[in-house]
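Worksheet: the structure to be examined is printed underneath.
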Amino acid sequence: MSTAIPIKSPRLAALRRLSRLDTARFLILIVQVQWHNRRMKAANRRVDLYGFGIAGFDLAQAVLQWLTAHKAISKLLDAPEPVHVAKVRQALSAQSPAPPKPADTRTHG
């Protein structure tokens with residue numbers, strides 16, 4: 001008599017209903033996320049050594065690509081993003097600078 005083990009992870013449950021092509025896309029996206037994790041760690045070390053002004057662009061670019069990969073995974077699985085990704089998105093949206101105000105040219109002769 002077979003027993004079904006319940007799957008608690010919504011991502012694993014969604015993976016069972018993917019086609020072979022979508023499963024391949026999912027695996028490629030997972031590899032990309034891991035790659036971006038390593039890039040972010042390396043870029044973070046460079047920021048610690050040289051400062052954000054010199055090495056910050058690499059870190060920012062890795063974070064944006066990491067977020068893009070997570071967004072693609074969520075869209076593919078039709079599931080919400082993990083909590084840690086949502087926290088990063090929220091932190092970045094809270095820290096995004098206000099759009100620059102147009103310069104006042106009346107005082108410049």
Side-chain angles (χ1 to χ4, degrees):
M1 187 166 156
S2 64
T3 303
I5 299 173
I7 299 174
K8 294 184 179 182
S9 170
R11 290 187 179 274
L12 287 177
L15 189 59
R16 289 188 176 235
R17 66 176 186 261
L18 292 178
S19 67
R20 289 179 189 230
L21 183 61
D22 286 341
T23 301
R25 287 183 185 136
F26 174 74
L27 293 174
I28 290 169
L29 288 168
I30 291 295
V31 169
Q32 286 180 351
V33 166
Q34 294 301 318
W35 173 254
H36 295 310
N37 282 339
R38 289 190 180 122
R39 283 187 58 208
M40 287 188 295
K41 285 181 184 178
N44 193 31
R45 278 182 289 212
R46 286 192 301 273
V47 167
D48 287 343
L49 289 174
Y50 306 114
F52 194 79
I54 295 173
F57 178 76
D58 292 338
L59 179 60
Q61 187 177 26
V63 169
L64 291 177
Q65 291 173 349
W66 179 78
L67 289 171
T68 302
H70 272 289
K71 185 176 181 180
I73 290 171
S74 294
K75 184 178 176 184
L76 183 66
L77 296 181
D78 195 26
E81 289 181 332
V83 176
H84 66 281
V85 177
K87 285 181 182 178
V88 171
R89 276 193 200 282
Q90 184 180 19
L92 289 178
S93 66
Q95 292 181 359
S96 64
K101 295 179 181 178
D104 188 9
T105 56
R106 291 179 287 167
T107 58
H108 297 284

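Worth knowing before you read on, the calculation uses all heavy atoms, side chains too, and leaves out hydrogens, waters and symmetry mates. Bear in mind the structure is a predicted one, so any value in this text is a computation, not a measurement.
When all heavy atoms of I73 and F26 are compared, the pair lying nearest together is CG2-CE1, 3.9 Å. For the pair H36 and A62, the tightest heavy-atom approach, listed with the atom from each and the gap, is CB-O, 4.2 Å. The minimum heavy-atom distance linking L18 with L76 is given by the pair CD2-O, 3.9 Å.
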Exercise. Going through the distances and angles, do L29 and Q32 end up as a side chain to side chain contact (heavy atoms under 4.5 Å, CB included)?
Worked result: CA-CA 5 Å; L29 288 168; Q32 286 180 351; 3.4 Å; yes
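Put simply, M40 and F52 are part of the same group of oily side chains (I, L, V, M, F, W, Y) that touch within less than 4.5 Å, one to the next. In terms of hydrophobic clustering, with Ile, Leu, Val, Met, Phe, Trp and Tyr side chains grouped at heavy-atom distances under 4.5 Å, L27 and V33 are assigned to a common cluster. Note on I30 and L77: same hydrophobic cluster, where clusters join Ile, Leu, Val, Met, Phe, Trp and Tyr whose side-chain heavy atoms are under 4.5 Å apart, directly or indirectly.
Residues satisfying the side chain to side chain donor-acceptor pair (under 3.5 Å) test with N37, not counting sequence neighbours, are W66. Residues passing the salt bridge (charged side-chain N to carboxylate O under 4.0 Å, His left out) test with R45, sequence neighbours excluded: none. With sequence neighbours excluded, no residue satisfies side chain to side chain donor-acceptor pair (under 3.5 Å) with Q61.
With rounding to the nearest 0.5 Å, the separation of CG in N44 from CG in D58 is 12.0 Å.
The hydrophobic cluster around L49 extends to Y50, I54, counting ILVMFWY residues whose side-chain heavy atoms fall within less than 4.5 Å of a member. Hydrophobic clustering, defined by side-chain heavy atoms of Ile, Leu, Val, Met, Phe, Trp and Tyr closer than 4.5 Å, leaves V83 isolated from every other such residue.
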Indicate every side-chain donor-acceptor pair of residues 84-91 with a distance under 3.5 Å to a residue at least two apart or in another chain.
{"unit_1": "R89", "atom_1": "NE", "unit_2": "E81", "atom_2": "OE1", "d": "2.9"}
{"unit_1": "R89", "atom_1": "NE", "unit_2": "E81", "atom_2": "OE2", "d": "3.3"}
{"unit_1": "R89", "atom_1": "NH2", "unit_2": "L67", "atom_2": "O", "d": "2.8"}
{"unit_1": "R89", "atom_1": "NH2", "unit_2": "E81", "atom_2": "OE2", "d": "2.9"}

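Contact of the R25 side chain with the D22 side chain is registered, since non-hydrogen atoms from C-beta on lie closer than 4.5 Å.
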